[in-house]
There are 2 protein chains.
Amino acid sequence: MPRNRREEAARHGITGRAATINDIARLAGVSKKTVSRVINRSPLVRADTREKVEALMREVGYVPDPLARGLAFRRSFLIGMIYDNPTAQYIVDFQYGALDALRNSGFELVVHPCDSRSPDYVSGVRSFVLQQKLHGVMLVPRVSEDQALADMLQEVGCRYARVAAVCLDAPERSVITHDRDGAAEVADYLQTLGHRDIAMITGPAAYRSAMERTEGFVGALQRRGIEVPKSRVVEAGYTFESGVAAAEKLLGARQRPTAIFCFNDEMAAGVYRVAMRAGIQIPQQLSVVGYDDSPLASRLWPPLTSVRRDTRDTGRIAAAMLLQGEGEARAVASVRPHLIIRDSCQPPQ
Amino acid sequence: MPRNRREEAARHGITGRAATINDIARLAGVSKKTVSRVINRSPLVRADTREKVEALMREVGYVPDPLARGLAFRRSFLIGMIYDNPTAQYIVDFQYGALDALRNSGFELVVHPCDSRSPDYVSGVRSFVLQQKLHGVMLVPRVSEDQALADMLQEVGCRYARVAAVCLDAPERSVITHDRDGAAEVADYLQTLGHRDIAMITGPAAYRSAMERTEGFVGALQRRGIEVPKSRVVEAGYTFESGVAAAEKLLGARQRPTAIFCFNDEMAAGVYRVAMRAGIQIPQQLSVVGYDDSPLASRLWPPLTSVRRDTRDTGRIAAAMLLQGEGEARAVASVRPHLIIRDSCQPPQ
DNA sequence: CTGAAAGCGCTTACAG
DNA sequence: CTGAAAGCGCTTACAG
């Protein structure tokens, strides 16, 4: 209760301003250095001293000033989120997750979207990190795949957590999303339904995540004796419009595939659009699967089967990674995708 | 070019660390107070002194440390964004807009989602603002409508910018979104198409924005001689599911309305779902209008006519407002909604 | 286990 | 128009 804390503080002679380390030191009858040790959880404080100081801090509602601490530490209490991602839901979910981990930690989340196609975006991130003296940054796909960015962060000594389809870095800096497995699960599902002529609308091959999904999907089908010819693979750009264009190519062919796996839900919506205009029934005449399991997936008709990524968890794990001590060795962090089955697939006619 | 700047800095005897105000003062042959005056754009500096100092700062790539400045100012260089909004696209667009305004200003954006239904969320914001010594915060609907929150910010002396349907505060703290006008435009459009039996799926009446839209819509229809009976107004919660429930009520009636105005696109998607299941053709048998013009609007089939809000502009204006000097009087800031016509409406049969 | 001194990189308050 | 001193609220480096 703030009011009580303020009264408590007033009782101790602190009025009209926030308590400082000097107030706590004076009231506890110790030096400010000792209070500092308590704040920083140094073991070099006698248990009863620690308890007395902690009780006092709670009583007057003392919170150390992050600006002063940051100045002395030469490092702020800010975590940056670096991203270049077109999907709003992903960004917001990731932010929520990161904030879950940061709650009550004294750290705050600073957002930094950027344009990874711009030639000087790395130096833009460099300035951001250096000027704000960030405690660490989270690298979200697609920027997480950029080795030049990671190298720059190493060079300037900024810690980071890297979210990517596979382990691209030291395990203590990696959160792995296993896109290969997500795509393989889709392949197994479509094969089990009986599909043999299956197409794919992928993301740009330059992205590792797109390659992983492609290989995961094609590999799983091959293992079950199904080949995916080149003509059934259309590279697109993760946008609705690129999905429309890709679908026109696939559905305009003499022989249509019986199923299409799209690397995100936006492109799957593009397939729906083209199918609707061409009078092709989903799922009766065409099965469709998306990736992301965004809200859009359940808004479409028929509701779209899609691969869910636990984005909030991913954000939580990435942020938690940055709060951990430097030295603490740890296992590789993973989040696993899984297929959410709705109504957009059925056995081929 | 950072490398050149680093070499330049090295030439001046600054190596292995960022330049400080002391370096600049020494190199310029002035006191650090004079450099400080240049940083803070004080007029009390001779023109040639200013130019010399500024040239030097550029040369060595000097940027004042926000932590040190913040500590001395007792106020950080952080702008907070306070929100409790279920629509991801709105949040992301607003963030982009705010960052547009903050670019090259030395300020950064710290995000703070919260749950306005939680009883102690105001005190949560209070701690956030006080502990981080925020320079200011942006209040986004719906939290922007909470007078208790605004009062708290006044009390603790934190400046804020308030985005709301109408002016709820001093003009220099308000960005007005004119929801009334957006709703009226929908009413005029539907009336012009010939609709007379028009329904509405609203947001919670407790929200001012929902009331504004309701009154704007009903008022515009009344001016054209059309009444909206109570039975045609269903209150819902801005979610897809609540839209489904509301649509079931409206479309299950003996006499169906010929048009439905939904207070967001998510709920309009709910209407689509129910119409699809009931075999009601949109727009032949039912016209539908949404609000937000989210990506979903153009993904639905038929593409949804919807009211666009320029959310990125709104964020830009709100952030710019916080960067302005205290005293500068200014006109009320406005963003105007406008109807985007797609294919979900036609004259009633 | 504890503390006095100096310092982080800026600004305020004051003097000239 | 300019500057020397003190201070913002913490921590580091050192001494005991």
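Lettering of chains follows the sequences in order, A, B, ..., and the numbering in each one begins at 1. Keep in mind that the numbers below use all heavy atoms, side chains included, and drop hydrogens, waters and symmetry copies.
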Start with the C-alpha gap between A/Asp23 and A/Arg17, add the side-chain angles, then the distance that decides, and say whether salt bridge (charged side-chain N to carboxylate O under 4.0 Å, His left out) holds. CA-CA 11 Å; A/Asp23 297 317; A/Arg17 60 180 180 79; 2.9 Å; yes

Give me the first and last nucleotide of DNA chain D, going 5' to 3', that has any atom under 4.0 Å from a heavy atom of chain B. D/dC1 to D/dG9

Min side-chain heavy-atom separation B/Arg103-B/Asp100 under 4.5 Å: yes

Would you mind listing every salt bridge (Lys or Arg N to Asp or Glu O under 4.0 Å) that reaches into residues 62-71 of chain B, with sequence neighbours excluded? A/Lys133-B/Asp65

Would you classify A/Asn22 as touching base, sugar-phosphate or nothing, given that sugar-phosphate means primed atoms plus P, OP1 and OP2, and contacts are heavy atoms under 4.0 Å? nothing

Please list residues of residues 31-39 of chain B whose heavy atoms come under 4.0 Å from any atom in DNA chain D, ordered by number; otherwise none. B/Ser31, B/Lys33, B/Thr34, B/Arg37

I'd like to know if the side chain of A/Arg162 and the backbone of A/Ala150 have a donor-acceptor N/O pair within less than 3.5 Å. no

Partners passing salt bridge (charged side-chain N to carboxylate O under 4.0 Å, His left out) against B/Asp84 (at least two apart in sequence or in another chain): B/Arg142

Dot-bracket for DNA chain C, 5' to 3', Watson-Crick and G-U pairs with both distances under 3.5 Å, [ ] for crossing pairs, | for partner on another strand, reads |||.||||||||.|||

Test the B/Arg312-B/Phe94 pair against the cation-pi criterion, namely NZ or CZ under 6.0 angstrom from the six-membered ring centroid and within 45° of the ring axis. no

So, for B/His135 and B/Phe107, is the gap between ring centers shorter than 6.0 Å? yes

Under the side chain to side chain contact (heavy atoms under 4.5 Å, CB included) rule, collect the residues that match up with B/Ala164, sequence neighbours excluded. B/Ser144, B/Leu168

Would you mind telling me which residue lines up with the more 5' stretch of DNA chain D, A/Phe73 or A/Ala68, judged by nearest nucleotide? A/Ala68

Closest non-hydrogen atom pair between A/Ser76 and A/Leu134, with its separation: OG-CA, 3.7 Å

Is B/Thr49 close to B/Val30 at the side-chain level, that is, under 4.5 Å between some pair of heavy atoms? yes

